[in-house]
Amino acid sequence: MNSTTVETNKMHTENGIFYPSNVMLDLKDLKKVYPTPKGDYVVLEDLNLQIMKEEFVTIIGHSGCGKTTMLSMIAGLNPISGGNIAVMGNPVKGPGPDRGVIFQSPSLMPWMSALENVLLGVNQVFPHATKAQRKDIAMYYLHKVGLDGSFNKKATELSQGMQQRVGIARAFAIKPKVLLLDEPFGMLDSLTRGELQDILIEIWNKEKITAVMITHDVDEAIFLADRVVMMTSGPKAKIGDVLNIDFERPRTRKSVLQHQDYYKYRKHLIDFLEH
Amino acid sequence: MEQEIILQKESDKLSFLKPIASFLKSKFEKAKVLKSLKKTGITLVSILLFLGLWHLGSKALYNKEAAYKIEKALNEQGQEAADAEKACIASGDSSCQPNTLPSPTQVWASFQSLIADHKLINAKKEAFATKMAATNAKLVAQGKDAIVYTGRASFVDTILTSIKTVFAGFLLALLIAVPIGIIIGLSPSLRSAFNWFIQIFKPVSPVVWYLLVFMIVKTLYIGASSDNAFVISFISVGLCAMWATLVNTAMGVSSVDKDYINVAKVLKLGTFQKVFKVILPSSLPLIFTGLRITLSVAWMVLIAIELLAQSPGLGLFVWEEFQNGANDSNSKIIVAMFVIGIIGFLLDRLMLMVQQMVSFNKNEGI
């Protein structure tokens, strides 16, 4: 199984995409152990994954396989039990604004307006900018996610989908090196989900921030990603397979669905998940 | 022509009324009117039922007490005395009335007499003030204290004293419990250090708190001329009532939604920012729930504490009336009971309003 990962990397080398300096995120022999009364429970073991600059990677796998654990370890919210994670060669020692996170629930501060929620991060990352400049940044991203009329609405007054839009704006506005998305659209209905995928990919096309996104949705995984990483079921989960998605960017949903390889990719992913 | 103009005017008048009419129509739709009428109706019926039961109950108790009195007179002094007693009770003479639960009408009469008494005392105070104005001005000019009215406090004065005491106690509880709650909420080790303290002192009775405060304040006030009853009672009230706020604040601060904490961590907010922008706002609803409980507990224990501290509030009023044993004492006690209940209810509504104002989730906290 490990050889697949290596092969993928080689392929990138052949395409001239892979250089050591091009690695944004490097997960090496990553291990996560939760101690339980019945002994240690090994969630992840020997997990190796390299993610390139400006790459969009989606991760799929069965529930409880440790995808979220892996993502929260990259975010620095969950301590590493073994191996290491490096962002541009610097080992991860804790959370920080170089890794923006979009959580599954929008996690907005309900007592703040949409603008204040975005500003909370912006103020932190650009302390030397003037107040007006910071406000401009926040408003720019809120505009990008289509929330022009809702700057001053309290988070509780927004629908779930609108709240997640603010979550997206908040994450992009702090200009992270890596964007970590933990099933951000999992709680939304399929129509809203499609809208938000379009918004996400539109901003991403412009900003080209390296993105790692967990999803349960095979179509979402294909539509958004350059590579789909498949994780084996836990315990001791690792990378099972990696699939390159060679659609051109910028993509539209229609062109992706009509592409001759689409059903080949889809079958590959579903075959993996069903075995 | 003239006719037409008049008609025009008429319809103008009507059109002026139209919006009001439609407003009233929308406001008082049939279903709504019926519903609110039903609600008020049920409340009114239950109040009447309550008064009726009370009246019957007090009448039964009155008769029992009267029968006992006559029986006693008969057994101890013979038939003549019993007849005299019976006649005395029937005449309504205050010297021989049975002493028991007063009826609603008696309570209402007492309420009116208390108000009349308040007006009387107020008049006396004013008279005193005008009489002493010149003397007091002289005294103040000489650098001495002015002479103040030291007569009996009226019922309204006792209510005001009680409210003053409860707010002072509430403020003290707030100033002690909220900061400590925040600090121990933030630090798990401090929380466990404080835990035994909270668990042990929380269930202590108001009477014991009063005694403790009395021991300390009495010593501190040695030699001081001013009256320390107010100080003792408000400190005791505060100490009794602060626990709900302390526990709720600590709980609110320590149980902030993990998502918010994660956001704060990812954004690397400093400690100050984290506390004031994330933790405190998110625990405000729980803090105010605690404060609401604190205020109602404060009002409840106040009566007992005023009684002990001889602070001239409602508690002392009730106790003195009980000791007094006058003919209308019992009904005055019942008046005080209603006043205590109504003020407690209003205080709770006040806190509920504040609580809903600070709560970001409007459905919370009822």
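Just so it is clear: chains get the letters A, B, ... in the order the sequence lines come, proteins before strands, and each one is counted from 1. We use all heavy atoms of the structure for the numbers below, so side chains are in, but hydrogens, waters and symmetry mates are not.
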Hey, which of Ser107(A), Ser72(A), Gly94(A), Pro106(A) has the most heavy atom pairs under 4.5 Å with chain B? Ser107(A)
Neighbour count above 12 (heavy atom, 6.0 Å) for Lys53(A) NZ: yes
Counting distance only, does the side-chain N/O of Gln163(A) pair as donor-acceptor with the main-chain N or O of Ala155(A) below 3.5 Å? yes
Atom group of Leu120(A) that falls short of 4.5 Å from chain B, counting heavy atoms: both
Give a yes-or-no answer on whether the side chains of Thr192(A) and Asp189(A) include a donor-acceptor pair shorter than 3.5 Å. yes
Using modelled atom types and a 3.5 Å cut-off, is there a donor and acceptor pairing between side-chain atoms of Arg99(A) and backbone atoms of Ala75(A)? yes
With chain A as the partner, which of Asp259(B), Leu284(B), Val266(B), Val278(B) has the greatest number of non-hydrogen pairs under 4.5 Å? Val266(B)
Give the member of Arg170(A), Lys154(A), Gln124(A) that has the highest number of heavy-atom pairs under 4.5 Å with chain B. Gln124(A)
